[in-house]
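Order of the sequence lines fixes the chain letters, A, B, ..., with proteins taken first and strands second; residue numbering starts at 1 for each chain.
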Protein chains: 2
Amino acid sequence: MNVDGRLARGQRTRTAVLDAAVSLASASGLDGLSLGHLAESLGVSKSGLFAHWRSKEELQLATIDRAVAQWQEQIIAPALRTPRGVRRIHALHEARIVFYAGRVLPGGCFFATTEFEFNARPGAVRDRLAEVIAAWTAFLERLVAEAVELGELPADTDVALLAYEIDAYGIAAAMRSRLLDPEVTYRHARSGVLGRLRALCPDPALLPEGPS
Amino acid sequence: MNVDGRLARGQRTRTAVLDAAVSLASASGLDGLSLGHLAESLGVSKSGLFAHWRSKEELQLATIDRAVAQWQEQIIAPALRTPRGVRRIHALHEARIVFYAGRVLPGGCFFATTEFEFNARPGAVRDRLAEVIAAWTAFLERLVAEAVELGELPADTDVALLAYEIDAYGIAAAMRSRLLDPEVTYRHARSGVLGRLRALCPDPALLPEGPS
DNA sequence: TACTAAAAAGAACGACCGGTCGTATATATT
DNA sequence: AATATATACGACCGGTCGTTCTTTTTAGTA
């Protein structure tokens, strides 16, 4: 288990840089993120960054991967610890709102910011972001499909549509919570999805009580 | 009605510049929009822009105003030509989707892009964008409230929540239509709102037929 | 025709951008 | 102890950024 101390040091630096990069990019975008600012905010030299990534684009791609891992840990993992079906769907959405409301990232949502930033800019970054959102969409649809299979949602449910709707509530929350009243926004995002699921789910005991 | 030819020329230039600025900013953001590119794409000198706006920020603010006017003409005006109530709500959403699907702007949606870009960057631009989205939200809520008053939606409808939901479908469409399958995305955005309104509206004749 | 004012161009600026290079410093291997 | 390697640094490059200043062109006025 003894690892090379040099590699360990590099790994430590890499992680610290990418964590800071995800934070900064969530607020300023992957393009607005400048190597000079990033290096300065970490107390390292700009040129030192090039020892780990040969170009800014490579660092941008690595930053995306890091943000995916963070999303996996903080939003997807909690949901997977919840029983399949509507409860898992609800847990996923709830973890997302908690993540936004907890101000984990200064910009709110890394993916919402960067996907809007790059959706009209061809290149490797855009392609990678498209892959990420496709995987996220597929995951959401799988959760909805499972709920249908379990009989917790009607058999004629439009799975892709419901997944779209749930995601839309989250995206809107990420945007509006920073420009309008956050509390009101989160309440809408929460009760929107909850109301939707409650209207479809035949077993009301599976979902939390509370004001619509 | 005879106007000063010099001023008229300036007005023409100003309009042309702002139209191009809205287009470019919808794809690259208000910050990614560089004065050099903007000037070059118009066949104008960079310094000439400063005859009309004293700084980039001033031009950014003017660009926002121009985008608001465009939104007013192409999305709000058509809706206001439709009878009040759920039909007007539906017309508004439909005009929005048509605007996105018609590729009027290369980036899809000026506001979605810039609001995500600036939601974590304090300053005059962010403040102006916050005003714009607040006005848009108020407008949407007014349309929903009118439908309730007309009896086309239940009296106990959560007006602000329904307005949030309708807007969320639009925001999600702007983002996903550029990274995932556009046709599927627009179908979801359309049938999502339509399904929502049909489930609430007691008079089915007010809304178009068609698959869910 | 002379004068004025608006619009636009041109050249130049300091600051910062992403990126390169040579070098110094740790840590490992022999 | 000598050597190799991964990491990190400081100095610097060409280019672009927003911005300023000066000059020229265009249009209206007396």
Side-chain angles (χ1 to χ4, degrees), chain A residues 1-21 24-25 27-64 114 117-118 121-126, chain B residues 1-21 24-25 27-64 114 117-118 121-126:
Chain A
M1 193 60 195
N2 264 344
V3 293
D4 190 320
R6 294 168 302 182
L7 299 178
R9 181 164 64 123
Q11 191 54 50
R12 244 181 296 123
T13 303
R14 215 152 16 230
T15 302
V17 170
L18 291 181
D19 277 339
L24 285 177
S28 309
L30 277 169
D31 223 55
L33 167 68
S34 98
L35 299 180
H37 285 152
L38 180 59
E40 193 182 13
S41 82
L42 284 158
V44 297
S45 72
K46 192 175 62 163
S47 56
L49 297 177
F50 287 89
H52 301 280
W53 304 276
R54 272 172 294 184
S55 70
K56 180 173 184 178
E57 187 177 78
E58 223 173 80
L59 183 134
Q60 288 173 323
L61 293 171
T63 303
I64 294 173
T114 57
E117 184 185 10
F118 277 91
R121 296 200 221 172
V125 173
R126 196 208 92 108
Chain B
M1 193 55 197
N2 264 344
V3 292
D4 191 320
R6 295 169 301 185
L7 298 179
R9 180 163 68 124
Q11 190 55 50
R12 247 182 293 123
T13 302
R14 214 150 19 229
T15 302
V17 170
L18 291 180
D19 277 338
L24 284 176
S28 310
L30 277 169
D31 224 55
L33 167 68
S34 98
L35 298 180
H37 286 151
L38 180 58
E40 193 182 13
S41 81
L42 284 157
V44 174
S45 76
K46 196 170 60 160
S47 58
L49 297 177
F50 285 87
H52 301 281
W53 303 277
R54 273 172 295 183
S55 68
K56 180 173 184 178
E57 186 176 79
E58 221 173 81
L59 183 135
Q60 288 173 325
L61 293 171
T63 303
I64 295 173
T114 57
E117 184 186 10
F118 277 89
R121 297 198 221 173
V125 173
R126 196 209 91 108

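To the nearest 0.5 Å, the span separating OG1 on B/Thr15 from CG on B/Asp19 amounts to 7.0 Å. Annotation: the span from B/Ile64 atom CD1 to B/Leu18 atom CG amounts to 11.0 Å, rounded to 0.5 Å. A distance of 13.5 Å separates CZ of A/Arg126 from CD of A/Glu117, quoted to the nearest 0.5 Å.
Among D/dG28, C/dT27, C/dA8, the nucleotide with an atom closest to any side-chain atom of B/Asp4 is D/dG28. Looking at the side chain of A/Thr13, the nearest of the listed nucleotides D/dT7, D/dC9, C/dA7 is D/dT7. In the set C/dT27, D/dG28, D/dA8, the nucleotide with an atom closest to the side chain of A/Arg6 is C/dT27.
Rounded to an integer number of Å, the gap from A/Trp53 CH2 to D/dA6 C1' is 14 Å. Here D/dG10 presents its P atom at 13 Å from CG of A/Leu49, a figure rounded to the nearest Å. Between the CD atom of B/Gln60 and the P atom of D/dC17 there is a distance of 14 Å, given to the nearest Å. The CG-P distance, from B/Leu42 to C/dA9, rounds to 10 Å in whole Å. Atom pair A/Gln11:CD and D/dA8:P shows a separation of 11 Å (rounding to whole Å applied).
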Please list, one pair per line, the donor and acceptor atoms closer than 3.5 Å that link side chains of residues 28-40 of chain B to other protein atoms, with sequence neighbours excluded.
{"from": "B/Asp31", "atom 1": "OD2", "to": "B/Arg121", "atom 2": "NH1", "distance (Å)": "3.3"}
{"from": "B/Ser34", "atom 1": "OG", "to": "B/Gly36", "atom 2": "N", "distance (Å)": "3.4"}
{"from": "B/Ser34", "atom 1": "OG", "to": "B/His37", "atom 2": "N", "distance (Å)": "3.1"}
{"from": "B/Ser34", "atom 1": "OG", "to": "B/His37", "atom 2": "ND1", "distance (Å)": "3.4"}

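At the heavy-atom level, B/Leu7 lies under 4.0 Å from the strands shown only through sugar-phosphate atoms.
Between C/dA8 and B/His52, a contact under 4.0 Å exists linking OP1 or OP2 to a side-chain N or O.
By the side-chain hydrogen bond (donor to acceptor under 3.5 Å, both in side chains) test, B/Arg54 is found to be paired with no residue, residues two or more places apart in sequence or in another chain being considered.
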Can you give me the N/O atom pairs linking the protein to nucleotides 15-22 of chain C at distances under 3.5 Å, or say none if there are none?
{"from": "C/dC17", "atom 1": "OP1", "to": "A/Ser34", "atom 2": "OG", "distance (Å)": "3.0"}
{"from": "C/dG18", "atom 1": "OP1", "to": "A/Lys56", "atom 2": "NZ", "distance (Å)": "2.6"}
{"from": "C/dG18", "atom 1": "OP2", "to": "A/Leu35", "atom 2": "N", "distance (Å)": "3.0"}
{"from": "C/dG18", "atom 1": "N7", "to": "A/Lys46", "atom 2": "NZ", "distance (Å)": "2.9"}
{"from": "C/dG18", "atom 1": "O6", "to": "A/Lys46", "atom 2": "NZ", "distance (Å)": "3.3"}
{"from": "C/dG19", "atom 1": "OP2", "to": "A/Lys56", "atom 2": "N", "distance (Å)": "2.6"}
{"from": "C/dG19", "atom 1": "O6", "to": "A/Lys46", "atom 2": "NZ", "distance (Å)": "3.2"}

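Side chains of B/Trp53 and B/Gln60 form no contact here, defined as non-hydrogen atoms less than 4.5 Å apart.
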